[in-house]
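To start, the structure itself, in structure tokens.
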Amino acid sequence: MSKKLIYFVRHGETELNAKGIKQGVEGALSARGRAQAADTAQKFPRHQGSPQIIISSPYPRTRETSEIIANQLKLNIEYTDLLAERRNPSEVIGRSTKDREVEAIVDRIEKSFHDDNFRYSDEENFVDLRDRAKKLLQLIKSRPESRIIMVTHRAFLKMILAYMFLDETLDAKIFNKVSYFNPIDNAGLTIVQYTPHWFKKDEWKLIAQNSNLIEEPPKTQFILE
């Protein structure tokens with residue numbers, strides 16, 4: 001049983017991000033997003049301690065980001081739906097984030113206090129997302145590699161981090177609060193160390209959050225309250 005380093009990367013900026021449009025599955029990287037991914041790839045160690053595999057969401061924007069990083073680091077990519085973005089309600093997809101109806105729906109789902117099982121329409125709700133984060137942590141534990149890059153999305157990465165540190169105590173009210181206080185930028189890096197234990201609970205340690213460097217001390221800590 002050995003420690004693992006997980007390098008979480010949010011995809012680069014997309015054309016729709018730049019235009020302030022709510023996305024579904026589709027959404028290709030912008031020129032800026034491709035440059036962001038290339039810059040992020042330059043930050044990883046290349047020799048001793050270098051990453052061994054990239055595991056990515058299958059969405060076009062994460063595929064592009066993963067391919068840019070993989071080409072520079074000469075790594076293989078695997079894809080899993082476990083890293084996909086939180087599914088938005090169909091009512092908001094393709095619409096401006098400044099649309100008043102969209103703002104009201106997003107506020108209801110992501111910024112207001114509500115029951116864990118609340119569902120506006122056909123979106124992935126809090127319980128769905130928490131269950132998927134739990135499955136992803138099990139995947140990390142089961143992988144043979146000790147240094148893994150995972151390319152994912154803003155909302156789901158926030159859930160991964162919240163569940164890592166709060167486990168089954170995490171509820172929708174707490175999640176919406178910690179989500180608000182923990183931004184995740186395009187192509188930003190969040191680095192976590194996983195340490196398994198035989199006789200006590202496995203340990204997750206935040207090394208850097210939403211950073212553009214690999215070896216700097218974290219500029220911010222994951223805010224839990």
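Since this is a predicted model, take the numbers as computed values, not measurements.
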| query | With sequence neighbours excluded, what pairs up with Glu78 under the side-chain hydrogen bond (donor to acceptor under 3.5 Å, both in side chains) test? | reply |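 Scan of Glu78 (side-chain hydrogen bond (donor to acceptor under 3.5 Å, both in side chains), adjacent residues dropped) gives Arg143.
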Can you tell me how far the [atom1] atom of [X] sits from the [atom2] atom of [Y], to the nearest 0.5 Å?
| X | Y | atom1 | atom2 | result |
| --- | --- | --- | --- | --- |
| Arg130 | Leu166 | CZ | CG | 11.0 Å |
| Glu64 | Thr14 | CD | OG1 | 9.5 Å |
| Gln52 | Leu5 | CD | CG | 10.0 Å |
| Leu73 | Ile149 | CG | CD1 | 5.0 Å |
| Asp115 | Asp171 | CG | CG | 9.5 Å |

Would you say [X] and [Y] make side-chain contact, with heavy atoms under 4.5 Å?
| X | Y | answer |
| --- | --- | --- |
| Asn125 | Tyr120 | no |
| Ile160 | Leu136 | yes |
| Gln42 | Gln72 | yes |
| Val102 | Ser96 | no |
| Phe156 | Leu129 | yes |
| Ile55 | Thr80 | yes |
| Phe175 | Asp116 | no |

| task | Please identify each residue that fulfils ring-ring contact (aromatic ring centres under 6.0 Å, His included) with Tyr59, with sequence neighbours left out. | result |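 Counting only residues at least two positions away or on another chain, Tyr59 forms a ring-ring contact (aromatic ring centres under 6.0 Å, His included) with His153.
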| task | Could you tell me whether Asp128 and Arg119 have a side-chain N and a carboxylate O separated by less than 4.0 Å? | result |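 Answer for the salt bridge query: yes.
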| message | Can you confirm if the aromatic rings of Phe126 and Phe118 lie within a centre distance of less than 6.0 Å? | response |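 Distance test on ring centres: not under 6.0 Å, no.
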Extract all donor-acceptor atom pairs below 3.5 Å that involve side chains of residues 25-32 and protein atoms in other chains or at least two apart in sequence.
unit_1 : atom_1 : unit_2 : atom_2 : d
Ser30  : OG     : Glu13  : O      : 3.2
Ser30  : OG     : Glu13  : OE1    : 2.7
Ser30  : OG     : Arg32  : N      : 3.4
Ser30  : OG     : Gly33  : N      : 3.0
Arg32  : NH1    : Glu13  : OE2    : 3.2

Answer yes or no: are there more than 12 heavy-atom neighbours, outside [X] itself, under 6.0 Å from its atom [atom1]?
| X | atom1 | answer |
| --- | --- | --- |
| Lys141 | NZ | yes |
| Asn76 | CG | no |
| Lys134 | NZ | no |

For [X] and [Y], indicate whether the former's side chain and the latter's backbone hold a donor-acceptor pair under 3.5 Å.
| X | Y | result |
| --- | --- | --- |
| Arg61 | His11 | no |
| Asn88 | Glu123 | no |
| Thr97 | Gly20 | yes |
| Arg147 | Ser50 | yes |
| Lys74 | Asn71 | yes |
| Asp39 | Gln36 | no |
| Asn182 | Ser179 | no |
| Thr40 | Ala187 | yes |

Is there a continuous path of hydrophobic side-chain contacts, each under 4.5 Å between heavy atoms, that joins [X] to [Y]?
| X | Y | value |
| --- | --- | --- |
| Met150 | Leu161 | yes |
| Ile174 | Leu137 | yes |
| Met159 | Ile140 | yes |
| Ile109 | Leu170 | no |
| Ile184 | Phe165 | yes |

| field | Residue pairs passing the salt bridge (Lys or Arg N to Asp or Glu O under 4.0 Å) test where at least one lies in residues 87-106, sequence neighbours excluded | value |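 Every pair satisfying salt bridge (Lys or Arg N to Asp or Glu O under 4.0 Å) with a residue in residues 87-106: Arg95-Asp99, Arg95-Glu101.
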| query | Got a sec, which pairs hit salt bridge (Lys or Arg N to Asp or Glu O under 4.0 Å) with one end in residues 14-23, sequence neighbours left out? | reply |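 Residue pairs passing salt bridge (Lys or Arg N to Asp or Glu O under 4.0 Å), neighbours aside: none found.
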| request: Apply the test side-chain hydrogen bond (donor to acceptor under 3.5 Å, both in side chains) to residues Thr190 and Asn210: give CA-CA distance (whole Å), side-chain angles for both, the deciding distance (0.1 Å), then the verdict. | output: CA-CA 5 Å; Thr190 296; Asn210 197 31; 5.5 Å; no
| said: Under a 3.5 Å cutoff, is there a donor and acceptor pairing between the side chains of Ser57 and Glu85? | reply: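 No, Glu85 and Ser57 have no side-chain donor paired with an acceptor closer than 3.5 Å.
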| Just checking, any donor-acceptor pair under 3.5 angstrom between side chains of Asn176 and Glu110? |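 The criterion, which ignores hydrogens and geometry beyond distance, is not satisfied for Glu110 and Asn176.
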| field | Test log, rule side-chain contact (heavy atoms from CB on, under 4.5 Å), inputs Gln209 and Ile191 | value | CA-CA 6 Å; Gln209 181 188 349; Ile191 308 171; over 6 Å; no
| message | Applying salt bridge (Lys or Arg N to Asp or Glu O under 4.0 Å), can you list everything that pairs with Arg132, at least two apart in sequence or on another chain? | response |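 With sequence neighbours excluded, Arg132 shows a salt bridge (Lys or Arg N to Asp or Glu O under 4.0 Å) to Glu124, given in chain and number order.
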| field | From CA spacing to verdict: side-chain contact (heavy atoms from CB on, under 4.5 Å), His114, Arg108 | value | CA-CA 8 Å; His114 55 69; Arg108 183 73 181 92; 3.6 Å; yes
| Full working for side-chain contact (heavy atoms from CB on, under 4.5 Å) between Ile54 and Ile69 | CA-CA 9 Å; Ile54 298 175; Ile69 297 172; 3.8 Å; yes
| query | Given Arg10 and Thr152, is the side-chain contact (heavy atoms from CB on, under 4.5 Å) satisfied, shown in steps? | reply | CA-CA 5 Å; Arg10 183 189 173 192; Thr152 187; 6.0 Å; no
| task | For the residue pair Trp204 and Tyr194, categorise the inter-ring angle as parallel (less than 30°), tilted (30 to 60°) or perpendicular (more than 60°). | result |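 Geometry flag for Tyr194 against Trp204: tilted rings.
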